[in-house]
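The sequence lines fix the lettering, A, B, ..., with proteins before strands; numbering per chain opens at 1.
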Amino acid sequence: MSDLKRGLSEAVAAAFAAAGLPAELGRVTPSDRPDLADFQCNGALPASKAAKRNPREIAEEVVSHLAGDSRLASVEIAGPGFINLRVSDAALSERAGEIAADPRLGAQPVDEPRRVLIDYGGPNVAKPMHVGHLRSSIIGESLKRIYRFRGDTVVGDAHFGDWGYQMGLLIGAVMDEDAEIRAMMEDLNAKSDITPQDEAATFAVLDGKITLADLDRLYPLAAARGKTEPDYRDRARKLTAELQGRKPGYFLLWRHFAKVTKVALERDFHALGVDFDLWKGESDVDELIEPMVADLEAKGLLVDDQGARIVHVAGPNETKKKKLPDGTVVVVPSPDPLLVVSSEGSAMYGTTDLATILDRKNTFDPHHVLYAVDQRQADHFEIVFRAAYLAGYAERGSLEHVGFGTMNGTDGKPFKTREGGVLKLNDMIVMTRDKARERLHEADLGSELDPDAFEDTANKVAVAALKFADLQNFRGTSYVFDLDRFSSFEGKTGPYLLYQAVRVKSVLRKAAEAGAQAGPIIVSEPAERDLVLLLDAFDQALIDAYDKKAPNFIAEHAYKLAQAFSKFYAACPILSAEPAVKASRLTLAQTTLRQLEQALDLLGIAAPERM
RNA sequence: GCGCCCAUAGCUCAACCGGAUAGAGCAUCCGCCUUCUAAGCGGACGGUUGCAGGUUCGAGUCCUGCUGGGCGCGCCA
């Protein structure tokens with residue numbers, strides 16, 4: 001069972017072949033001119049170039065081989081040689097019936113399922129998530145759902161940033177501020193063995209003293225001092241090294257940092273409907289780094305450079321010009337090498353990324369790894385991926401950076417609060433939820449709901465507003481995030497989609513109350529035709545989203561489907577129609593709702609029952 | 001300095017290996033609630049796709065140059 005586009009493509013491809021032309025020219029696409037056709041094939045134009053024949057002549061010959069296809073109500077040649085196909089109502093009715101009966105709503109699974117790992121979210125210890133984490137989270141979550149729906153085995157990994165220099169900074173800052181903790185650390189660090197009692201006692205003290213808010217307050221100050229004060233920086237580096245050497249006190253303190261952070265992170269992720277299969281942190285690959293460095297060395301990839309150890313990733317002819325501080329210009333390899341071991345002997349950002357690739361190969365052995373990370377890190381990933389391929393830690397081409405643009409404020413610059421600070425993700429969620437409640441009240445929706453149900457609806461409206469505003473844009477482009485605009489809840493928005501879904505549910509409830517039975521879909525009205533054509537287009541939207549790692553194709557499909565339903569709803573009464581028509585329209589409404597909710601689910605959006 | 005990305009309607013964004021008349025939403029204007037939720041539906045208005053060349057039967061899409069904007073460029077992550 002395939003969609004009309006695919007089915008017709010096969011027929012037209014056969015017609016091209018029968019005319020002695022390449023079958024791949026028979027590709028059929030939805031028509032650009034709905035007034036003229038449902039589908040079109042442009043293959044006669046490129047064919048005319050190769051065959052040096054008049055395109056209309058070719059089109060006529062191809063069309064002659066299509067005669068007798070019962071799916072086609074009309075086949076016409078237009079313009080320079082477009083083949084316009086109009087599908088019969090009977091064929092649309094049949095296809096609608098297939099979709100209605102299909103648990104997958106007309107979408108085909110991939111031919112060969114693969115193991116895919118998606119790295120997204122990227123939260124850090126001690127730092128509450130801010131708006132910058134929003135895109136990674138919701139794009140990654142959507143991709144995970146899209147890939148899984150198409151049949152791949154998918155693992156989503158939050159890739160917790162928990163193991164770098166910032167940990168040393170924090171350990172130092174916390175001890176500076178609290179003498180009791182400092183004393184406790186000194187005491188614990190001196191011990192050779194930490195008992196469960198030590199652990200419990202330590203955490204009991206830390207739980208009462210250090211919250212995420214404390215860490216969030218201390219970290220920026222410590223980071224700033226680390227930049228300007230060499231002594232402060234050196235101590236933080238030493239503390240980092242001691243933590244990584246598992247010094248008992250610091251290790252417990254670090255576990256506390258991770259714990260309080262994770263609680264807050266999970267609250268934010270949960271509010272957004274984002275969840276992970278894995279919460280692997282950078283710390284989890286720490287023990288892999290030493291053997292990995294040895295392996296890189298053994299493979300002859302590691303070279304000394306200015307006291308550090310690097311891997312060259314550029315090919316022989318890949319160079320760029322570089323201006324040195326003294327003004328001279330030299331030719332250097334491009335891309336830059338990967339810095340594996342710093343001159344002070346510690347692992348760097350790229351080192352843990354490389355070790356993570358190795359870890360994933362050893363555990364999950366993915367065919368494909370997607371990194372849903374800001375586009376600005378493109379160069380970094382290019383370098384890490386090349387190093388991984390060189391070292392044999394991943395199949396060439398299996399690692400892919402799915403980059404996205406920044407979310408900007410209305411001034412076109414990266415989103416900031418009115419005070420100029422970075423907006424915390426949780427604050428944004430709360431703001432959006434407040435706005436959703438306000439709008440529901442204004443529109444007098446949900447007034448009959450009990451408080452819990454109302455709150456649930458408000459939350460769903462908020463999540464839909466936030467996610468759809470993001471996912472309707474192609475991920476690569478930066479977009480302007482304007483709370484007032486997306487919270488106006490009119491037009492092409494998440495709440496519009498929920499509203500349409502709720503309207504269908506409402507009709508279906510009324511139909512059930514009246515005892516109306518659903519029956520076979522019989523397409524006749526234009527609005528019904530358009531709706532079925534859209535239901536049929538679901539698979540293509542899914543394929544596009546999958547191939548391009550771009551959820552906006554699903555968002556676009558969901559919007560068009562909701563719009564087509566709304567037109568159908570306005571033009572075709574359901575409950576008051578005569579029995580056979582009512583039965584048909586009920587099935588059509590049910591099927592639309594199922595596909596709409598499926599599409600929304602792929603975006604990570606859930607619709608309430610009522611609003 | 002080198003490199004990457006972007007430029008489409010007043011605003012925010014789309015656009016299927018290069019194809020017909022470049023599409024939505026917002027804003028503005030005009031219609032439609034005694035009938036299934038009007039957060040809706042119908043219609044109007046709105047474009048030299050930054051500029052200049054090139055390739056092509058055909059370019060928003062590919063190539064070159066330019067202008068304007070964003071970002072990145074080993075010892076943070």
Side-chain angles (χ1 to χ4, degrees), chain A residues 24 27 29-33 35-36 40 42 45-46 48-49 55 78-82 84 122 124 161 163-166 169 223 226-227 282 305-308 310 320-324 327 329 332 334-344 346 348-350 352-353 374-380 382-383 403 405-406 408 410 412-414 439-440 442-443 445 461 469 472-474 476-480 482 485-486 488-493 495-496 498-500 502-504 506-511 540 543-544 552-553 556 559-560 563 566-567 569-571 573-576 589 610-611:
Chain A
E24 60 267 23
R27 201 170 66 101
T29 59
S31 179
D32 293 330
R33 297 285 304 273
D35 52 321
L36 299 179
Q40 67 185 64
N42 302 337
L45 289 112
S48 81
K49 186 183 282 186
F82 301 109
N84 283 337
N124 292 304
W163 202 241
Y165 166 69
Q166 81 267 28
L169 280 172
K227 272 185 191 158
E282 294 167 327
D305 189 278
Q306 297 169 41
I310 63 174
K320 64 177 177 186
K321 289 179 198 162
K322 187 169 188 172
K323 196 174 180 182
L324 298 177
V329 175
V332 297
S334 174
D336 287 332
L338 178 72
L339 179 61
V340 178
V341 183
S342 78
S343 52
E344 303 192 0
S346 56
M348 306 303 297
Y349 176 36
T352 44
D353 277 355
D374 194 310
Q375 190 64 47
R376 288 176 289 193
Q377 306 217 28
D379 289 350
H380 167 74
E382 172 70 15
I383 293 166
T406 53
N408 298 332
T410 41
K413 292 175 181 168
R439 289 290 169 179
L440 285 167
E442 273 175 25
L445 284 168
V461 168
Q472 67 169 305
N473 303 316
F474 177 71
T477 51
S478 297
Y479 72 101
V480 173
D482 181 348
R485 181 161 58 80
F486 80 69
S488 79
F489 296 170
E490 281 171 8
K492 196 172 183 177
T493 64
Y496 168 88
L498 299 192
Y499 179 70
Q500 297 307 337
V502 165
R503 284 212 297 190
V504 190
S506 177
V507 178
L508 294 177
R509 260 198 311 271
K510 287 208 161 70
Q540 187 59 48
I543 290 168
D544 287 339
N552 64 306
F553 287 96
E556 184 69 16
Y559 178 69
K560 282 188 184 161
Q563 213 176 29
S566 198
K567 289 176 187 185
Y569 183 86
I574 299 171
L575 300 179
S576 60
R610 303 163 193 266
M611 60 191 273

Contact pattern, 5' to 3', of nucleotides 27-36 of chain B - B, S or - by protein heavy atom under 4.0 Å: S--------B
Protein-to-nucleotide contact annotation, 5' to 3' order, nucleotides 11-17 of chain B [B base; S sugar-phosphate only; - none; under 4.0 Å, heavy atom]: -SSSSBB
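Atom CG of A:Asn84 and atom CG of A:Asp32 lie 9.5 Å apart (nearest 0.5 Å). For the atom pair CD1 of A:Ile383 and CD1 of A:Ile310, the computed distance is 10.5 Å after rounding to the nearest 0.5 Å.
For A:Glu382, the salt bridge (charged side-chain N to carboxylate O under 4.0 Å, His left out) partners are A:Arg386, not counting sequence neighbours. Every salt bridge (charged side-chain N to carboxylate O under 4.0 Å, His left out) that A:Glu344 has, sequence neighbours left out, goes to A:Arg237. Scanning for salt bridge (charged side-chain N to carboxylate O under 4.0 Å, His left out) contacts around A:Lys492 gives A:Glu556, with sequence neighbours left out.
Among the atoms of the strands shown, base atoms are found under 4.0 Å from some heavy atom of A:Phe82. Among the heavy atoms of the strands lying under 4.0 Å from A:Gln166 are primed sugar atoms or P, OP1, OP2 only; no base atom is included. At a threshold of 4.0 angstrom between heavy atoms, the contacts of A:Asn84 include nucleobase atoms, whether or not backbone atoms are also involved. Using a 4.0 Å heavy-atom distance criterion, A:Asp353 is classed as making no nucleic acid contact.
Here the P atom of nucleotide B:rC75 and the NZ atom of A:Lys227 are 12 Å apart, to the nearest Å. Protein atom CZ of A:Arg376 is 13 Å distant from nucleotide atom P of B:rG70, rounded to whole Å.
Looking only at atom types and distance, the side chain of A:Gln40 has a donor-acceptor partner in the side chain of A:Asn42 under 3.5 Å away.
Remark: aromatic rings of A:Tyr559 and A:Tyr496 are close, center separation under 6.0 Å.
Regarding the sugar-base torsion, B:rG10 falls in the anti class, its angle being beyond 90° of 0.
A sub-4.0 Å separation between OP1 or OP2 of B:rC41 and a side-chain N or O of A:Ser566 is present.
In RNA chain B, consecutive stretches of 3 or more Watson-Crick or G-U wobble pairs with both distances under 3.5 Å are given as paired ranges: B:1-7 with B:67-73, B:10-13 with B:23-26, B:28-32 with B:40-44, B:50-54 with B:62-66.
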